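Just so you know, these numbers come straight off a predicted model, no measurement behind them. Note on naming: letters A, B, ... go to the chains in the order of the sequence lines (proteins, then strands), and numbering restarts at 1 for each one.
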Protein chains: 2
Amino acid sequence: MNRAASVSEPRRRGRPPKDQSQPNAPRARLLRTGVAILTEKGFSAVGVEEILDSADVPKGSFYHYFGSKEAFGLELIDAYAAYFARKLDRWFDDAARAPLDRLRDFIADARSGMARYGYRRGCLVGNLGQEMGALPEPFRKRLAAVLRDWEARTARCLHAAQQAGHIPKDADCDSLAHFFWIGWEGAVLRAKLERRPDALDVFARGFIAMIQAKERVIVPTSIDEYRG
Amino acid sequence: MNRAASVSEPRRRGRPPKDQSQPNAPRARLLRTGVAILTEKGFSAVGVEEILDSADVPKGSFYHYFGSKEAFGLELIDAYAAYFARKLDRWFDDAARAPLDRLRDFIADARSGMARYGYRRGCLVGNLGQEMGALPEPFRKRLAAVLRDWEARTARCLHAAQQAGHIPKDADCDSLAHFFWIGWEGAVLRAKLERRPDALDVFARGFIAMIQAKERVIVPTSIDEYRG
DNA sequence: ATTTGACAAGACGATCGGTCTAATAAACCT
DNA sequence: AGGTTTATTAGACCGATCGTCTTGTCAAAT
């Protein structure tokens, strides 16, 4: 509707916009740096200028690319969610690996990702979640939706494991995925606080053992009303 | 050594300090409101003035009672830790209840505590943990120590359950307590994000089922090096 | 060359952050 | 009472931050 037929368009006049899809176009740099800084410090603690400086983008440009700090924050969430969804798919859809190994692979990757930055960076979603009280309302829905999306992807992986007979037939994979992300965010938080991976390991081990247990461990809760 | 014989002291000169042990002496009010506001918004997002206003303490007084915002924050952690430790003991040492019921009681209490404020307030420790990158270093050790303390109290309760035969003999209660607090902080975060208690319920149920499982679920990790 | 629109530079003012100094209040002492 | 000592408060201070805006430069189309 709004940008249809961009191909046969009679070519707009004036300076054409930079190809902002280039991975180091200013706009993309701002998003990348923004994610890096906010995963470490959160939203309220960081001023736009710090991001500008770090991304080497002139201050005058910020409000050319983004309408406000809030709008920037929302785009940051989207960018992070997209990046992370790709990552999840990369691990969870790797048909060459057994489903539960895919989960283990993801966990190992996340672990080494935290190690790479000295356990100083956490999860953007978890970070902003904690700040909810100080954040503009639109953030809430967005963050909650992102987590539900990750849970859905995780649940698919668990279903695959179930079909492969690696977790019990009667396990409720959706609830298990929900449990996983509740606890995993806690583990990331803890690892960041302690600057060591122990929490990640403890939670991951516990979870994997738990889903393989013969006895039913998660009582399926009424997912019915579990909607945004 | 330092404040010995305060009874027979020859009475100091000058205006005597207000009795700051009174629960609504300015200093105590500042700590109370500080906890309330920071559990909602975090540290960096909140200015001292907001706390002063809300506590009805004049701005000039702040640096009479506390050396800086940072010093105030540290005291806040202590106050919260003390408050919470009392709460834990109250539930976990209730000899009239079966050990696992004590855990359930604590969970129910925390749940209704969150409900009371519309799921807008989380856990001070979790909140500040997320902000680590933006917080002065001293906070880290303090927060980590608090969590270890809570874990130790929880482990005692689990040991009692073990002795009562309600959880398997070979369960590693320390590791289980560790697992609990990793995930519980995640659940509080999630509940705050979604403004609903579901995450608390899901995690609590899963955990309780898990610790009762006959199969060993948590592989005891090397707790050896697990020191501040 | 000139137009057009994409982008950059950096000042701006309002506001708010944490901190500090000077004033006031409340006891005590002689 | 009048002066001394200490507790508490009022409000100034200065630097930072946020979002905006004016001005300038650049690249392509005409």
Look at [X] together with [Y] and state whether they make a salt bridge at an N to O cut-off of under 4.0 Å.
X: Asp149(A); Y: Arg153(A); value: yes
X: Asp93(B); Y: Arg102(B); value: no
X: Arg140(A); Y: Glu137(A); value: yes
X: Lys192(A); Y: Glu185(B); value: no

Between [X] ([atom1]) and [N] ([atom2]), how many Å, whole number?
X: Phe66(A); N: dC18(D); atom1: CZ; atom2: P; answer: 15 Å
X: Glu49(B); N: dG18(C); atom1: CD; atom2: C1'; answer: 10 Å
X: Asp53(B); N: dT9(D); atom1: CG; atom2: P; answer: 14 Å
X: Leu52(B); N: dC20(C); atom1: CG; atom2: P; answer: 15 Å
X: Asp56(B); N: dT8(D); atom1: CG; atom2: C1'; answer: 15 Å
X: Phe62(B); N: dG18(C); atom1: CZ; atom2: P; answer: 8 Å

Notebook entry, point to check: Contact class for Gly67(B) vs. all strands (heavy atom < 4.0 Å): base, sugar-phosphate, or nothing?
Noted result: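 No contact.
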Considering every strand and a 4.0 Å limit on heavy-atom distances, what is the contact class for Val57(A): base, sugar-phosphate, or nothing?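 The residue Val57(A) makes no contact with any strand.
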List the steps, then state whether side-chain contact (heavy atoms from CB on, under 4.5 Å) holds for Tyr80(B) with Val146(B). CA-CA 9 Å; Tyr80(B) 186 75; Val146(B) 171; 6.0 Å; no
Output yes when at least one side-chain N/O atom of [X] is less than 4.0 Å from OP1 or OP2 of [N], else no.
X: Tyr63(A); N: dG19(D); value: yes
X: Ser61(B); N: dT9(D); value: yes
X: Lys69(B); N: dG18(C); value: yes
X: Tyr65(B); N: dT9(D); value: yes
X: His64(B); N: dT8(D); value: yes

Out of dC18(D), dT9(D), dG11(D), whichever nucleotide has its closest atom nearest the side chain of Lys59(B):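 Of the candidates, dG11(D) comes closest.
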